[in-house]
Amino acid sequence: MPKVEKIKVMPIFGTRPEAIKMAPVVHVLSADEHFEVIITVTAQHREMLDQFLRFFEMKPNYDLNIMREGQTLADITSRAVEGIDKVLQKEKPNLVLVQGDTTTAFVGALVAYYHKIPCGHIEAGLRTGDKFAPFPEEINRRLIGSIADLHFAPTKRAKANLMQENVGEEKIFVTGNTVVDALLWTLSRLPEPSSLDQSRRTILVTAHRRENWGEPMKQICRALRKIADNFPNTRIIFPMHKNPIVREVAFREMGNHQQIELCEPPDYFEFVRMMRDAYLIVTDSGGVQEEAPTLGKPVLVLREKTERPEAVEAGVVKVIGTDEERIVAEVSNLLTNELAYKSMQKPVNPYGDGKASLRIKQAILHHFGLAERPEDFVPKF
Ligand code: UD1
Ligand code: UDP
């Protein structure tokens, strides 16, 4: 492997979940004298990215500011290609880091390849096997998988997925997911809840996926309204994604219900508090599926398929789709059937132990001939 004086690493990211999951890595690398860290953000998300740049105290060296209202996948791709190309041409880092499966992550890997710059993929190897679910993330991550030189797989299963696609085992490191690093860091700074009002249960809901735009989103909102009507002691909190397509349906279908609170997307501190204090979480988010098991919160997933089967197998996450009646039935069951609820309430952590970013640092040092290969993350139950 090439020996270098200081390893110039460029994390490239653009959306809320990437900022959260990249933050622990940025901090760990920045604190180590082997590295020079130069951050490039596409700002595929604007406000939701800025919120998390502030929260995690990350200062971008390059901000491509590409977001437009109603942007298409082609818009994001073309603007990101152009911007990242110029930055890589100028900075010529030794390594590009991308996270997950957004269009920013895909383009970051692609343009790194154009410049023959090695690429490390954080959260590598997640698959549903269905190229349209989630759309376009399943294809984004497969394409990144075929480009990347270092694959930071969160779990053993993610590693197996990569090996099935002929990625060499020596390039794969099972690190755990950096979201657990971010979550544990944030949790340790949260004050204990004073006292939770158990008579008024809170259901925390988020929904934003492209597959759920339109009719599925309508069914989700109608189901939530019914649940609120059927359970007067239940409160539903729905922090709305900034996307107008999501907000418009949420306002129209649930805007005037006393028990339903539609709010702006909170920062991570507040959102972690909401997850911790909720009775139940209902979501189509990828990251929330990974966080809730650490908090011991049951999750119902508003998707047909998940690329995160580990928590489903552990019995704490259930995939229920977006049919109105099914959502009402599944939520009602967990509100009334104590046994069913308790069976999903156990804290488990298949996704990480809070040390993923340290393993990633060691894997990068190993790649540059400066450290031993890190031990794989093994979940403890
Ligand atoms: C993107 C990612 C998705 C990820 C999600 C996390 C792609 C193709 N999709 O989807 O994988 O799960 O982020 O949230 O990469 N908007 C704002 N302000 C913001 C953020 C978004 O106004 O801070 C609005 C804009 O009108 C924008 C729209 O939301 O056009 C959609 O954003 P976009 O990044 O295209 O898609 P997401 O659904 O957020
Ligand atoms: N999140 C947040 N505020 C919110 C909704 C989500 O801080 O209002 C956090 C959540 O804890 C997780 C990440 O954002 O870490 C998930 O982002 P999102 O659901 O937008 O994307 P996905 O994970 O589905 O790609």
Side-chain angles (χ1 to χ4, degrees), residues 13-24 41-56 65-77 79-80 98-108 123 126 133-141 144 177-187 204-213 217 237-248 261-276 278 281 283-292 294-295 297 299 301-303 306-308 351-352:
F13 55 97
T15 66
R16 168 171 69 192
E18 293 166 271
I20 294 169
K21 292 169 168 181
M22 194 62 95
V41 296
T42 59
Q44 173 181 334
H45 284 174
R46 185 69 275 172
E47 301 90 327
M48 282 160 53
L49 175 75
D50 292 343
Q51 222 179 357
F52 287 86
L53 290 174
R54 275 194 302 277
F55 182 80
F56 287 110
N65 197 26
I66 67 168
M67 195 196 86
R68 301 286 181 275
E69 190 174 324
Q71 60 199 6
T72 64
L73 295 174
D75 291 333
I76 312 169
T77 306
R79 278 199 287 271
V98 296
Q99 196 287 327
D101 48 22
T102 66
T103 295
T104 290
F106 159 56
V107 173
E123 197 180 279
L126 275 60
F135 171 81
E137 290 81 2
E138 176 76 2
I139 287 297
N140 283 345
R141 58 199 175 210
I144 301 169
N177 197 308
T178 56
V179 80
V180 180
D181 303 20
L183 176 65
L184 295 181
W185 184 87
T186 307
L187 262 181
L204 176 63
V205 185
T206 77
H208 71 82
R209 300 232 73 82
R210 266 185 164 71
E211 312 86 272
N212 286 344
W213 292 358
M217 188 67 200
I237 303 187
F238 189 124
M240 286 178 297
H241 190 288
K242 283 281 181 195
N243 191 341
I245 296 175
V246 172
R247 298 165 86 88
E248 192 264 320
E261 189 184 323
L262 304 178
C263 62
E264 289 305 315
D267 69 17
Y268 199 49
F269 208 61
E270 182 57 15
F271 192 73
V272 169
R273 192 192 60 70
M274 284 178 172
M275 287 194 287
R276 184 196 64 184
I281 301 174
T283 188
D284 67 7
S285 163
V288 175
Q289 288 177 65
E290 294 158 341
E291 293 162 332
T294 304
L295 299 164
K297 295 293 158 174
V299 180
V301 176
L302 302 165
R303 300 192 193 185
T306 183
E307 59 288 88
R308 294 163 168 93
Y351 298 116

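First listed ligand is number 1; within each ligand, the first listed atom is number 1. This is a predicted model, so every value here is computed, not measured. Positions are given from 1, in the same order as the sequence printed here.
- Contacts between N140 and ligand 1 below 4.0 angstrom, taking non-hydrogen atoms only, are absent altogether.
- Protein heavy atom in closest approach to atom 12 (O) of ligand 1: H208 CE1, 3.0 Å.
- When all heavy atoms of T206 and S285 are compared, the closest pair comes out as OG1-CB, 3.8 Å.
- A salt bridge is absent between E18 and K21; no separation between the charged side-chain nitrogens and carboxylate oxygens falls under 4.0 Å.
- Partners of E264 according to the side chain to side chain donor-acceptor pair (under 3.5 Å) rule, which considers only residues two or more places apart in sequence or in another chain, are K242, R247.
- With respect to atom 24 (C) of ligand 1, the closest heavy atom belonging to the protein is N243 CA, 3.7 Å.
- Per-residue contacts place R68 under 4.0 angstrom from the following atoms of ligand 1 (heavy atoms of the residue considered): 27 (C), 30 (O).
- Side-chain contact check for F52 versus H45: every heavy-atom pair is 4.5 Å or farther apart.
- Counting the atoms of ligand 1 from 1 in the order shown, those under 4.0 Å from a heavy atom of L73 are 8 (C).
- With a 4.0 Å cut-off on non-hydrogen atoms, P244 touches ligand 1 through its side chain and not its backbone.
- Heavy atoms of I76 found under 4.0 angstrom from ligand 1 belong exclusively to the side chain.
- Between H45 and ligand 1, a contact under 3.5 Å exists for at least one N or O pair.
- Of the candidates M67, H241, E18, M67 brings a heavy atom nearest to atom 25 (C) of ligand 1.
- Between E307 and E137 there is no side-chain heavy-atom pair separated by less than 4.5 Å.
- Taking CE of M22 as the start and CD1 of I20 as the end, the distance is 12.5 Å to the nearest 0.5 Å.
- Residues R303 and E211 are not paired through a salt bridge, judged by the lack of any N-O separation under 4.0 Å between the basic side chain and the carboxylate.
- Polar contact with ligand 1: present for M48 (N/O pair, distance under 3.5 Å).
- Using a 4.5 Å heavy-atom cutoff, the side chains of L53 and F13 are in contact.
- Protein residues with a heavy atom under 4.0 Å from ligand 2 are R16, P17, I20, F52, H208, R209, P239, P265, P266, Y268, F271, M275, S285, G286, G287, V288, E291.
- In this pair, Y268 and F56 present their aromatic rings tilted. The plane angle is within the 30 to 60° band.
- A donor-acceptor contact shorter than 3.5 Å links the side chain of W213 to the backbone of H208.
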Chi angles and distances behind the side chain to side chain donor-acceptor pair (under 3.5 Å) call for T42, T104: CA-CA 7 Å; T42 59; T104 290; 2.8 Å; yes
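- Residue T104 places no N or O, backbone or side chain, under 3.5 Å from any N or O of ligand 1.
- Considering every non-hydrogen atom in both V299 and A292, the closest pair reads CG2-CB, 3.1 Å.
- In terms of protein heavy atoms, atom 32 (O) of ligand 1 is closest to Q71 NE2, 3.5 Å.
- Of all heavy-atom pairs between Q71 and R210, the closest is O-NH2, 3.9 Å.
- Residue-level proximity to ligand 1 for R210 is carried by the side chain, the only part with a heavy atom below 4.0 angstrom.
- Those atoms of ligand 1 with a heavy atom of T103 less than 4.0 angstrom away are 7 (C), 8 (C), 15 (O).
- With K297 contributing its side chain and I281 its backbone, the two residues share no donor-acceptor pair below 3.5 Å.
- Only the side chain of P136 comes within 4.0 Å of ligand 1, counting heavy atoms alone; its backbone N, CA, C and O stay farther away.
- Nearest-residue assignment for atom 19 (C) of ligand 1 (options Q44, E47, Q51; heavy-atom criterion): E47.
- When heavy-atom distances to ligand 1 are checked against a 4.0 Å cut-off, E137 comes that close only through its side chain, counted from C-beta outward.
- Between R46 and ligand 1, a contact under 3.5 Å exists for at least one N or O pair.
- Classification of D50 and R46 as a salt-bridged pair holds, one side-chain N sitting under 4.0 Å from a carboxylate O.
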